[in-house]
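We name chains A, B, ... by the order of the sequence lines, and we start the count at 1 in each one.
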Amino acid sequence: MRTTRKVLVAFGIIGVFFAYTFALRGQKTTAVFAPSGQKTSGTQSSSGTTGSSSSNSSGSSDPSSGSSSSGSSSGGTTSTYKDGSYTGSVADAFYGNIQVQVTVSGGKITNIQFLQYPNDNPNSQYINQQADPMLKQEALQAQSANVDTITGATDSSMAFVQSLTAALNQAKA
Amino acid sequence: MGMPITVEIVDAPDAEAAIQATFDYFTAVDAKYSTYKQDSEISQINGGLSKEKWSQEMREVLDLCAQTQQDTKGFFNIEHNGKLDPSGLVKGWAIEQAARRLRNRQIEDFYIEAGGDIQVEGLNTAGEPWKIGIENPFNRHEIVKVLRISGLGVATSGTYIRGQHIYDPHAPDKSITSVKSLTVIGPNIYEADRFATAAFAMGERGIAFIETLPGFEGYMINNKKTATYTSGFERFVEKTNV
């Protein structure tokens, strides 16, 4: 996996392009743009279709999967998605795993969620006195929260795209 | 760069065109500044391209790198093994340029994320400041902090950027190996990124450096799973943790 990731970074070729709208208080358009050569890491059985309400979005195109303008491997066909909730396969983010759950409603992606796995809290650590009295310290504590995005020093976003791709592949009509 | 980029725009009629324009912009930046591309301008410069042929933008970016080297007392340095690699500054700089282009389209509520660095503007779809998680460097599917941010930049530097040699127990500068990640909040992602890069190179003293910078806050995680953060950091932390 490490070598594959280096190859992806080395070539940096444009790959899959996603767009979706979210109809709640407002319309949200999100797209993820990733180097090509992205391999979907296999499929998982979906968690079954759920009852869905029709989307209120207007003026939006179907989510498209495929290459962007700079030329890449996948085809540029648009596709619609079957309503339901789909769980992407677990993708290796180098330091750990990411799994994404996608909800499709009215043929459009209405929610993408990181699946969070509960974990034991780190053992409390002895906290050293800091020479600088202004700085503060604390033990790391896992949070359970849905966030809009994540900041980190890794290529975890690539794993997000892998898992998202796997989920969307299950959802295609 | 060659990294995935995520753009989210709220309530804009030209959102999809704006997103495509953003991706096109990052593609152009990558074509110019990627040291992995043999025909990029930076690769040509490293191959000996004469200075009068350098583009105006490249000169400006390299000037910013020189300025950052001064501002960080040399801890930010784009020269490695006799070659120039400005990617430690270009990532944040490019996100900030892309954000500027969205603002020029009168788009007010969005975020742009590239490689874990984020510029957030306005409010999310729920009408609240953007909710940003700090990734647990020990457990990638965990978040260790939830932040509420608007109109600022958030950058995280970590051992991934420096490569595997950080884990070499024979490395002379052991202080760098003890910092797993350093998250910096700054007035924009360009500023946050350049100082996160330099502060990370300072090892455990980097967070004290961030403390000295007005308008910047930081959250450093070390290899003992302890976080050290600046005195004003808590005002960005989500008040209720579920």
Side-chain angles (χ1 to χ4, degrees), chain A residues 8-12 14 17 19 22 24-35 59 61 68-70 93-99 114-117 119 122 125 127 130 132 134-159 161, chain B residues 1-11 15-16 19 23-24 27 30 34 36 111 113 115-118 124-127 130-137 139-146 154 156-161 181 183 207-208 211 221 224-231 238 241-242:
Chain A
L8 293 176
V9 170
F11 287 100
I14 299 160
F17 170 82
F22 184 89
L24 197 62
R25 286 182 57 142
Q27 292 191 23
K28 175 179 78 174
T29 309
T30 300
V32 178
F33 164 82
S61 59
S68 69
S69 55
S70 297
F94 183 55
Y95 285 110
N97 295 324
I98 276 189
Q99 192 173 34
F114 288 96
L115 297 183
Q116 309 268 339
Y117 296 92
N119 208 351
Q125 302 284 331
I127 296 181
Q130 280 294 298
D132 185 337
M134 298 297 288
L135 297 174
K136 301 178 190 177
Q137 284 196 315
E138 64 181 10
L140 288 188
Q141 189 172 12
Q143 313 284 319
S144 56
N146 290 329
V147 294
D148 293 315
T149 184
I150 291 177
T151 184
T154 67
D155 60 350
S156 55
S157 50
M158 195 178 295
V161 173
Chain B
M1 297 192 303
M3 69 190 73
I5 294 151
T6 305
V7 182
E8 182 171 319
I9 293 174
V10 180
D11 270 339
E16 292 195 24
I19 287 176
F23 290 161
D24 290 346
T27 301
D30 193 45
S34 172
Y36 295 106
Y111 78 79
E113 180 264 330
D117 290 355
I118 311 161
N124 62 13
T125 49
W130 293 94
K131 205 168 177 184
I132 299 175
I134 296 182
E135 187 177 70
N136 183 354
N139 193 339
R140 291 300 175 217
H141 49 252
E142 265 189 9
I143 291 168
V144 289
K145 213 70 183 169
V146 178
V154 184
T156 298
S157 283
T159 50
Y160 162 75
I161 296 172
S181 76
T183 298
I207 190 68
E211 176 73 21
I221 299 172
K224 297 184 179 64
K225 299 188 180 177
T226 298
T228 308
Y229 53 98
T230 52
S231 56
E238 170 88 308
N241 289 317
V242 176

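If you measure heavy-atom distances from B:Thr230 to chain A, the contacts under 4.5 Å come from both the backbone and the side chain. Looking at B:Ile221, only its side chain comes within 4.5 Å of chain A, counting heavy atoms on both sides. With a 4.5 Å cut-off on non-hydrogen atoms, B:Ile118 touches chain A through its side chain but not through its backbone.
To the nearest 0.5 Å, atom CD of residue A:Gln143 and atom CG of residue B:Asn136 are 10.5 Å apart. The line from CG of B:Asn124 to OG1 of A:Thr149 is 11.5 Å long, rounded to the nearest 0.5 Å. We find the CD-CG distance between B:Glu211 and A:Leu135 to be 5.0 Å, quoted to the nearest 0.5 Å. Note: B:Thr156 OG1 to A:Ile150 CD1 = 10.5 Å, rounded to the nearest 0.5 Å. How far CG of A:Asn146 is from NZ of B:Lys131: 6.5 Å, rounded to the nearest 0.5 Å.
Scanning both residues, B:Val146 and A:Ala145, for their nearest heavy atoms gives CG2-CB, 3.8 Å. Residues B:Glu135 and A:Ala153 come closest through the heavy atom pair OE1-N, 4.1 Å. Taking every heavy atom of both residues into account, B:Tyr111 and A:Asp148 meet most closely at OH-O, 3.4 Å.
With salt bridges taken as basic N to acidic carboxylate O contacts below 4.0 Å, one links A:Glu138 and B:Lys145.
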*Please report the C-alpha distance between A:Val147 and B:Ile132 in whole Å, then the side-chain angles of each, then the deciding distance to 0.1 Å, and finally whether the side chain to side chain contact (heavy atoms under 4.5 Å, CB included) criterion is met.*
CA-CA 6 Å; A:Val147 294; B:Ile132 299 175; over 6 Å; no
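Checked by atom type, the side-chain pair A:Gln137/B:Thr226 shows no donor-acceptor distance below 3.5 Å.
Although no hydrogens or angles enter the test, the distance criterion places a donor-acceptor pair under 3.5 Å between the side chain of A:Thr151 and the main chain of B:Gly116.
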